[in-house]
2 protein chains.
Amino acid sequence: MISHEIFHTLHQLSRHLTNKQNEALKPAGLYSSQWAVIYVLKQKGSLTQKQLCDYLSVEAPPMTRTIQRLVKQGYVKQLPGQDKREKHVQLTDEALSQYSNWEKIVSDVNNGLLSQFPESSQKELFHLQKTWLKQLV
Amino acid sequence: MISHEIFHTLHQLSRHLTNKQNEALKPAGLYSSQWAVIYVLKQKGSLTQKQLCDYLSVEAPPMTRTIQRLVKQGYVKQLPGQDKREKHVQLTDEALSQYSNWEKIVSDVNNGLLSQFPESSQKELFHLQKTWLKQLV
DNA sequence: GCCTTATAGTTACCTAGGTAATTAATTTCA
DNA sequence: TGAAATTAATTACCTAGGTAACTATAAGGC
């Protein structure tokens with residue numbers, strides 16, 4: 001019965017990686033959950049909170065909190081949409097000007113975490129994860 | 001730059017699996033974090049909280065909370081050790097008598113989550129995860 | 001022996017993410 | 001058109017896990 005071990009190892013890996021990312025982002029005043037939102041917004045431009053939830057597979061309430069913190073820090077603004085229920089979220093100029101710094105911080109920590117792990121293994125792992133996840137969702 | 005995708009996929013997988021386990025355990029009145037403790041205690045017999053933290057790679061405060069809930073539910077007891085700072089934790093008879101039910105619940109949900117994922121892939125994924133984790137810790 | 005340091009556990013407080021219930025705006029449909 | 005159902009976002013409250021500060025016990029150095 002290998003299932004228990006797979007789940008446990010995956011859980012530990014996930015926590016470890018998140019912790020390391022948070023540690024690296026701390027000097028920048030950001031948390032990993034905030035970075036995830038910023039990263040998506042940088043690529044997509046403007047999204048409703050619902051769209052952000054769908055992209056990141058997160059429920060609405062935690063998304064509301066993460067965005068409100070980003071708004072308070074001045075990194076994100078919420079614009080009312082045609083549909084008045086929606087809030088269109090986008091990065092501020094301040095966030096755009098800092099993006100490359102943040103991107104470097106995250107790239108560096110990620111590369112450090114992967115540095116001893118051969119690229120072929122990375123690709124294989126990624127492929128397996130993606131395949132499994134696709135079956136589950 | 002594959003790193004961001006690996007981290008994101010792994011994070012999503014971990015959340016999804018935990019959510020499914022919690023859902024399955026709900027009728028039994030248990031949470032996945034409690035099950036993790038019970039599972040270790042069943043195999044090891046009696047452990048101090050420190051040892052439990054080390055086995056599960058969890059900090060002391062969340063372990064205290066999880067154990068206190070298990071104590072309140074009558075599934076775990078804390079015995080003072082030779083070293084009076086320590087608390088030796090072990091399963092109660094009540095927990096032992098229910099263990100096989102819980103074990104079946106978790107096995108079933110785990111197997112369900114893995115049912116479409118070939119066993120060779122499971123083994124490969126587990127191997128890669130374990131290898132990576134070993135490098136990180 | 002005594003004082004300092006280390007360790008086990010707890011408490012308080014933080015982020016991350018989940019469900020349930022609520023509100024306001026939009027759709028649907030009879 | 002007007003009532004009912006749906007949807008986007010929020011609020012309140014829960015578990016999960018992290019750090020910092022604290023308490024009580026144990027271990028070491030003098």
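Within every chain, numbering begins at 1; the chains are lettered A, B, ... in the order of the sequence lines, protein sequences first and strands thereafter. Only this structure's heavy atoms are used, side chains among them; waters, hydrogens and symmetry mates stay out.
Rounded to whole Å, the distance from CD on B/Q49 to C1' on D/dT25 is 15 Å. The nearest whole Å value for the distance from the NZ atom in A/K50 to the C1' atom in C/dT26 is 15 Å.
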message = For B/T18 and A/H11: C-alpha separation, side-chain torsions, deciding distance, then whether side chain to side chain contact (heavy atoms under 4.5 Å, CB included) applies.
response = CA-CA 8 Å; B/T18 302; A/H11 188 58; 3.9 Å; yes

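When the shell of 6.0 Å around CD of A/Q43 is examined, it contains more than 12 heavy atoms from other residues, nucleotides or ligands. Within 6.0 Å of atom NZ in B/K20, 12 or fewer heavy atoms from other residues, nucleotides or ligands are found, so the atom counts as exposed in its surroundings.
For the pair A/E103 and A/K42, the minimum side-chain heavy-atom distance is 4.5 Å or more.
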remark   = Scoring nucleotides 12-18 of chain D by protein non-hydrogen atoms under 4.0 Å (B base, S sugar-phosphate only, - none) yields BB-SSBB

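For residues 89-113 of chain A, the pairs satisfying ring pair (Phe, Tyr, Trp, His ring centres under 6.0 Å) are A/W35-A/Y99, A/Y75-A/W102, with sequence neighbours left out. Note on residues 123-137 of chain A: no pairs pass side chain to side chain donor-acceptor pair (under 3.5 Å), not counting sequence neighbours. Screening residues 56-73 of chain A for salt bridge (Lys or Arg N to Asp or Glu O under 4.0 Å), with sequence neighbours left out, gives no hits.
If you check every strand for non-hydrogen atoms under 4.0 Å, A/Q68 touches sugar and phosphate atoms only.
Near DNA chain D, meaning a heavy atom under 4.0 Å away, the residues from residues 80-89 of chain B are B/Q82, B/D83, B/K84, B/R85.
Residues A/A60 and A/K26 both approach DNA chain D. Their nearest nucleotides, taken by heavy-atom distance, put A/A60 toward the 5′ side.
Between C/dG9 and B/T64, no contact under 4.0 Å exists linking OP1 or OP2 to a side-chain N or O.
Every side chain to side chain donor-acceptor pair (under 3.5 Å) that B/N22 has, sequence neighbours left out, goes to B/S32.
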